[in-house]
Amino acid sequence: MPACVPTHTADPNRPERAHPPHSPPPGPPPDRPRRPRVAGADVSAAIAVFLIALPLSLGIALATGAPLQAGLVAAAVGGVVAGRIGGCPLQVSGPAAGLTVVTADLIQQYGWRTTCAITVLAGLAQIGLGCLRVARGALAVSPAIVHGMLAGIGITIAVAQVHIVLGGTPQSSVPDNLRALPSQLANVDPAAVAVSVLTLTLLLLWPKLPGRAGQLLRMVPAALVAVAGATVTAAAAGLVLAEVDLPSWRSHALAGLPEGPVLGLVAAVLTTTLVCSVQSLLGAVAVDKLVSRRPGPSHVPRSDLDRELLGQGTANIASGCLGGLPVAGVAVRSSANVRAGAVSRNSTMLHGVLVVLAALLMVPVLEFIPLASLAALVMAVGIQMVSLHHIRTVTRHREALVYAATAVAVVFAGVLEGVALGIAVAVGVALHRLTHTRITHEVKEGVHHVHVRGQLTFLAVPRLSRALHLVPQGATGVVALDGSFMDHAAYEALQDWQNTHTARGGSVEITGRRPGTGVRIAEPAALTSPPMTDGTGEAGVPSGAGCRCRPWTAWRNHQCEPPLFAPDDARSGHGTRDSGATGDTSEAGGGQGGHDGRSARPGPGNGPPGTKTGAGTGSVSNTDSVPGAVSGPASPAGSVSSAGAPEASRTGADLVRGLSAFQRSTAPLVRGELARLAREGQRPAQLFLTCADSRLVTSMITSSGPGDLFVVRNVGNLVPPPGEESGDDSVAAALEYAVEVLAVRSITVCGHSGCGAMQALLDPRPGGTPGARTPLERWLRHGLPSLRRVRDGGGPGVRLAGRAPADTAEQLCLANVVQQLEHLRAHESVARALKDGLLTLHGLYFHVGEAQAYLLTEATGERVFDRVRAEDLVL
């Protein structure tokens, strides 16, 4: 089988996509009209959502005091209009429990026709917000405020519906309902209570039916079963109860001109817009999470939140004009839609069509439903809005005060007032956290520990200074920063104390949650005596201490721009290297060849072949960073560098610093994952065979971590054919272990630019004696077939997509990858796994200078290394 990626990437000259990668493909040609198609999964999901939406829509309309038809209108419009225009394909919109309190207050103050007009104006406001593309800004509201708002609304709904459950009539506010509850309990209607208890019992027990039969029965929504069961029982028992009254559609009230004080109407529109928008946007985000957790591949695009606002606004305009309730995304129906297997917006729209049919054809049946049953259903929904999971979450994040303040204010003052109070409390809590910093000092085994908990600002500098000056002169101090922010005043105070303390013979270690925050860490005396420079221009300061590089740039030879607050001498010296630091090194066959195919030749600043020059593998010449030093070639191993420290000693210090940085910063973050891998053993999916070149960081270019790759590295990424190992079976043993024991699913051979082994094949060392071959020369003979492939032109051609190889060395690097893949297929374990379809082979070429990976593909009889593009991620 060819060692390449799937065939759709084979043509290097194929045109780019004409449409964005996450948008639907272009439509059919004009001469072939598109036929509407509805998937079976969408049909079944639409029926399931319709069965849930029908009783809930009537119940929410009952709770708001609106005409019952208004709930059906909102459900139909939310399904058809919001489903068609909205940006979240699987979110189901309609009358939402979160809008019950707002709508009930509007009807109480302004009447039904003005409430419909407010709904229309709120829809216009949503469209304006969608055009301004501010949807993401709504997600900046603290989740504690949102959950507190929903909890307050849920409490209000539940308290109001208790009166209907008991056979009475709810009051206009929570305090009034609570004051009227004792008298209502003294005048209970037994029939209403019995129907309500039956509804709640069915609602709670239906999802818990055991056995296989229960699994089939649970496919019918519990809400429908509860209302239908209560209705049938009430009719069979002949109970006299208040029932649903659906007036004729001819008398249905539509929107009218808004009447009332302007400020009150503006506040009403803002409140409706806020609640509708926030609930819909949070619902869209939740639907995306539900879709991503479904098993199997998902072709449902992620939500476009600005488009979702446009869809919700259009639906509210239509619902208000037709005399319906305000529309928003509904969590219960949306989650049911996703779990039922919906794959497109057709399920949402079809559910709206079913609601329209029910409103027109099922009026006689709907009028048998007892109002007490609907009230019990809505009361259960209100109770569920007070989520224990949300309470535990906000408590864990120390935002219980925000949650409680919002919920209480919504219950006793209103939604808009509650949200405003919640925002004010959240800002207050944030300011308190920013200004409230705990600083402690304690002595353990002679070491003085200063622990800073919280944000370190100028307000905490006096207390920080007092704690730091408790560390005696010449003692060892450890400063632990347990926060995510430090302002300039605090940084200066900490740095000045650090410099003074170390100058008087003490030692300081500064630790924190995040490595590389810019605070200099003075090394212990054992590492800083005699003084040395290591690429920062400052004695005793690790190279990563003053830089803001990515986590993978903590190695010794990287260059980066230091932070703006670093001293001038640090910026001038950080990452400075001599002429050899660009990677122009040459180790005969050692995988550290010239930069991008150009080998280092003897000359100024370069040593003879076979010696390291500059910082190619970790030896840094710091003459440029030491004032008065004379620049020159890199010192040989064991000699004294310009800073006065032996090279071997400096390398050992580098190792100790690296280990110390790992134990201090990285180990705490990965300890749990590595402990799991230690318990479960390694189960890598890939064998990655690459060169030993130090510039090739496999975890970086593959974005992999512990347990992901089984890596084999050698000089030249060579795979000796079977029977030619000559006493070195390490590669064959690794192949057998990876394929037979670890059962890897793919093997990748990765070559790279500037490979010293390939350069050694092209330019063999003169004067070599056949009878005295070195181990390196014996190893490189496995690359001779690659060299013959290039010189003889045998086999299909190998090239880079878009350009010709830079030189013969790069051509050999490409051909070597293809040749080693052929050697792989000759191994028995690999050939057997390929035959059984259990293994795939891949070729990869990494251009070091470009930081660009090229995947091997096949096109028109030749092999092509093509760039890795965004669309390759779907493979």
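The number of heavy atoms from other shown groups lying within 6.0 Å of CG (Leu216) is above 12. Other residues, nucleotides and ligands contribute over 12 non-hydrogen atoms within 6.0 Å of the CD atom of Glu673. In the displayed structure, Glu680 atom CD is contacted under 6.0 Å by more than 12 heavy atoms of other residues, nucleotides or ligands. More than 12 heavy-atom neighbours from other residues, nucleotides or ligands sit within 6.0 angstrom of CZ on Arg307.
For the side chain to side chain donor-acceptor pair (under 3.5 Å) condition, the pairs that include at least one residue of residues 329-343, sequence neighbours left out, are Ser335-Arg339, Asn337-Ser347. Screening residues 389-412 for salt bridge (charged side-chain N to carboxylate O under 4.0 Å, His left out) gives no qualifying pairs among residues at least two apart or on separate chains.
In summary, the side chains of Ser373 and Thr199 do present a donor paired with an acceptor at a separation below 3.5 Å, with no hydrogens or angles considered. Between the side chains of Asp42 and Ser344, at least one donor N or O lies within less than 3.5 Å of an accepting N or O. Between the side chains of Asn316 and Gln126, a donor-acceptor pair is found at a separation under 3.5 Å.
Every residue meeting the salt bridge (charged side-chain N to carboxylate O under 4.0 Å, His left out) condition with Arg133, not counting sequence neighbours, appears here in chain and number order: Asp306. Looking at residues two or more places apart in sequence or on another chain, you find no ring pair (Phe, Tyr, Trp, His ring centres under 6.0 Å) involving His397. Remark: Val381 pairs with Leu56, Ala97 by the side chain to side chain contact (heavy atoms under 4.5 Å, CB included) rule, at least two apart or across chains. A search for side chain to side chain contact (heavy atoms under 4.5 Å, CB included) contacts involving Ala358 returns Phe50, Leu54, Met362, not counting sequence neighbours. Applying the side chain to side chain contact (heavy atoms under 4.5 Å, CB included) test to Ile127 and every residue at least two apart in sequence or in another chain returns Cys131, Leu310, Thr314, Ile317. Residues passing the side chain to side chain contact (heavy atoms under 4.5 Å, CB included) test with Ala96, sequence neighbours excluded: Leu99, Gln279, Ala328, Val330. In this structure Ser93 satisfies the side-chain hydrogen bond (donor to acceptor under 3.5 Å, both in side chains) test together with Gln312, sequence neighbours excluded. Residues passing the salt bridge (charged side-chain N to carboxylate O under 4.0 Å, His left out) test with Arg453, sequence neighbours excluded: none. Taking the side-chain hydrogen bond (donor to acceptor under 3.5 Å, both in side chains) definition, one finds that Gln91 meets it with Glu308, sequence neighbours left out.
Between Leu305 and Leu309 there is no side-chain heavy-atom pair separated by less than 4.5 Å. The shortest distance between side-chain heavy atoms of Leu124 and Leu121 falls below 4.5 Å. By the 4.5 Å heavy-atom criterion applied to side chains, Val332 and Ile52 are counted as neighbours. Contact of the Val120 side chain with the Cys321 side chain is registered, since non-hydrogen atoms from C-beta on lie closer than 4.5 Å. The shortest distance between side-chain heavy atoms of Arg345 and Leu90 does not fall below 4.5 Å. Leu265 places a side-chain heavy atom less than 4.5 Å from the side chain of Thr114.
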Residue pair Val73, Leu325: steps toward the side-chain contact (heavy atoms from CB on, under 4.5 Å) verdict: CA-CA 7 Å; Val73 170; Leu325 292 171; over 6 Å; no

Could you give me the CA-CA distance, side-chain angles and deciding distance for Leu58 and Leu62, then say whether side-chain contact (heavy atoms from CB on, under 4.5 Å) is met? CA-CA 6 Å; Leu58 294 173; Leu62 173 67; over 6 Å; no

Starting from the C-alpha separation in whole Å, work towards a yes-or-no answer on side-chain contact (heavy atoms from CB on, under 4.5 Å) for Arg84 and Val80. CA-CA 6 Å; Arg84 179 64 185 87; Val80 177; 5.7 Å; no

Is there a side-chain hydrogen bond (donor to acceptor under 3.5 Å, both in side chains) between Asp288 and Ser303? Walk through the geometry before answering. CA-CA 7 Å; Asp288 285 343; Ser303 299; 3.0 Å; yes

Step by step, would you call Leu51 with Ile47 a side-chain contact (heavy atoms from CB on, under 4.5 Å)? CA-CA 6 Å; Leu51 296 177; Ile47 295 174; 4.2 Å; yes

For residues 400-419, which side-chain donor-acceptor pairs fall under 3.5 Å, sequence neighbours excluded?
residue, atom, partner, partner atom, Å
Thr406, OG1, Val402, O, 2.8

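In plain terms, the two heavy atoms of Met486 and Leu481 that are nearest each other are CE-CD1, 3.3 Å. Of all non-hydrogen atoms in Trp112 and Gly324, the two that sit nearest each other are CH2-O, 3.8 Å. Between Ile118 and Ala268 the shortest heavy-atom distance is CD1-CB, 3.8 Å.
Counting only distance, with no hydrogens or angles, the side chain of Thr119 and the backbone of Thr115 share a donor-acceptor pair below 3.5 Å. Between the side chain of Asp708 and the backbone N or O of Gly705 there is at least one donor-acceptor pair closer than 3.5 Å. Remark: side-chain polar atoms of Ser57 are not paired, donor with acceptor, to backbone N or O of Ala75 under 3.5 angstrom. The main-chain N or O of Leu217 is found under 3.5 Å from a side-chain atom of Trp206 such that the two form a donor-acceptor pair. No donor-acceptor distance shorter than 3.5 angstrom exists from the side chain of Thr348 to the backbone of Val92, with no hydrogens or angles considered. Using a distance-only test at 3.5 Å, with no hydrogens or angles considered, no donor-acceptor pair links the side chain of Ser277 to the main chain of Leu274.
Atom OG1 of Thr702 sits about 4.5 Å away from atom CG of Leu709, to the nearest 0.5 Å.
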